[in-house]
Amino acid sequence: MEVVIVPDAKAGGELIAEAMAALVRRKPDALLGVATGSTPLPIYEALTAKVREGEVDASRARICQLDEYVGLPAGHPESYRSVVLREVVEPLGLSESAFMGPDGSAEDVQGACEAYDRALAEAGGVDLQLLGIGTDGHIGFNEPCSSLASRTRIKTLTEQTRVDNARFFEGDIEQVPHHVITQGIGTILEARHLVLLATGEGKADAVAATVEGPVASVVPASALQLHPHATVVVDEAAASKLKLAEYFRHTYANKPAWQGL
Ligand code: PGA
């Protein structure tokens with residue numbers, strides 16, 4: 001995998017937004033898989049700015065969701081459907097019809113998971129999937145020891161993830177759902193390009209285990225090592241525990257400019 005060390009979150013957002021814009025210029029109806037949480041917000045800000053400034057026409061782009069809470073009432077502001085509509089779909093000027101996500105309020109949750117996997121395949125597959133990483137190494141909501149071949153399914157959140165996400169629920173862990181739907185690791189690995197952004201010291205251990213540790217389900221993000229086109233963008237703080245940081249810097253500095261991410 002390629003590791004790119006950037007000075008800060010804003011620079012990471014700009015770099016990834018440019019890669020997304022380049023993809024959309026090549027393939028106007030690209031299916032862009034987006035992630036929630038705080039980390040990707042600079043990406044969405046930078047991409048929205050590019051659209052508003054006319055650097056890229058994203059009017060035919062399609063957006064799909066990585067994961068979703070189970071059991072929040074429809075329209076709950078912290079459901080990931082609401083978050084993605086608010087942070088990505090609306091700012092880019094897209095309509096809701098350009099957006100796909102799993103139905104977290106379905107009575108038949110397992111059926112909704114299988115339907116979402118089918119819908120992604122029928123849409124031609126994800127062209128670029130953005131990922132964050134949990135402090136426990138999760139991608140999407142694939143918590144430690146998720147099967148590396150898993151498909152979209154229901155998962156139970158770890159206590160750590162519920163603590164981490166309580167800030168979106170007035171700091172009250174009791175309001176954070178226990179269950180989620182997440183694209184499986186096997187599903188995620190089918191995207192044509194995986195781009196993981198990690199910022200802040202709190203992610204440094206998870207990043208080191210992902211990049212330099214063995215492929216192991218106990219660190220779900222380490223599955224990126226199995227993907228032929230995976231890019232890990234980290235700020236200095238998140239890179240602080242990488243033993244090979246100098247090598248990564250050297251490699252990226254000497255990459256041909258035309259290659260992009
Ligand atoms: P964060 O979440 O960007 O809010 O840190 C990342 C994740 O849990 O995947």
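Keep in mind that this is a model prediction, so the values were computed, not measured. In each ligand, atom 1 is the first atom listed, and ligand 1 is the first ligand listed.
If you check which protein heavy atom lies closest to atom 1 (P) of ligand 1, you get Thr39 OG1, 3.5 Å. In this structure, the protein non-hydrogen atom closest to atom 5 (O) of ligand 1 is Lys203 NZ, 2.6 Å. Among protein heavy atoms, atom 8 (O) of ligand 1 sits closest to His138 NE2, 2.7 Å.
Residue Thr36 has no N or O atom closer than 3.5 Å to an N or O atom of ligand 1.
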Thr152 vs Glu114, side-chain hydrogen bond (donor to acceptor under 3.5 Å, both in side chains): CA-CA, chis, key distance, verdict: CA-CA 7 Å; Thr152 300; Glu114 288 164 19; over 6 Å; no
What verdict does the salt bridge (charged side-chain N to carboxylate O under 4.0 Å, His left out) test give for Lys50 and Glu45, after you've listed the backbone C-alpha separation in whole Å, the side-chain angles of each residue and the deciding distance to 0.1 Å? CA-CA 9 Å; Lys50 287 181 192 302; Glu45 279 162 29; over 6 Å; no
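The proximity of Ile133 to ligand 1, defined as any non-hydrogen pair under 4.0 Å, is limited to the backbone. By the criterion of a heavy-atom distance under 4.0 Å, the side chain of Arg167, and not its backbone, is placed next to ligand 1.
Proximity to Gly37 (heavy-atom distance under 4.0 Å) selects the following atoms of ligand 1: 3 (O), 4 (O).
Just one of Val88, Val24, Leu92 meets the side-chain contact (heavy atoms from CB on, under 4.5 Å) condition when paired with Leu47; it is Leu92.
Taking the six-membered ring where tryptophan is involved, the planes of Tyr69 and Phe141 are tilted, since the angle between them lies from 30° to 60°. Using bins of under 30°, 30° to 60° and over 60° for the plane-to-plane angle, the ring pair His229/His193 lands in the parallel bin.
Distance check, rounded to the nearest 0.5 Å: CD of Glu246 to CG of Leu242 gives 10.5 Å.
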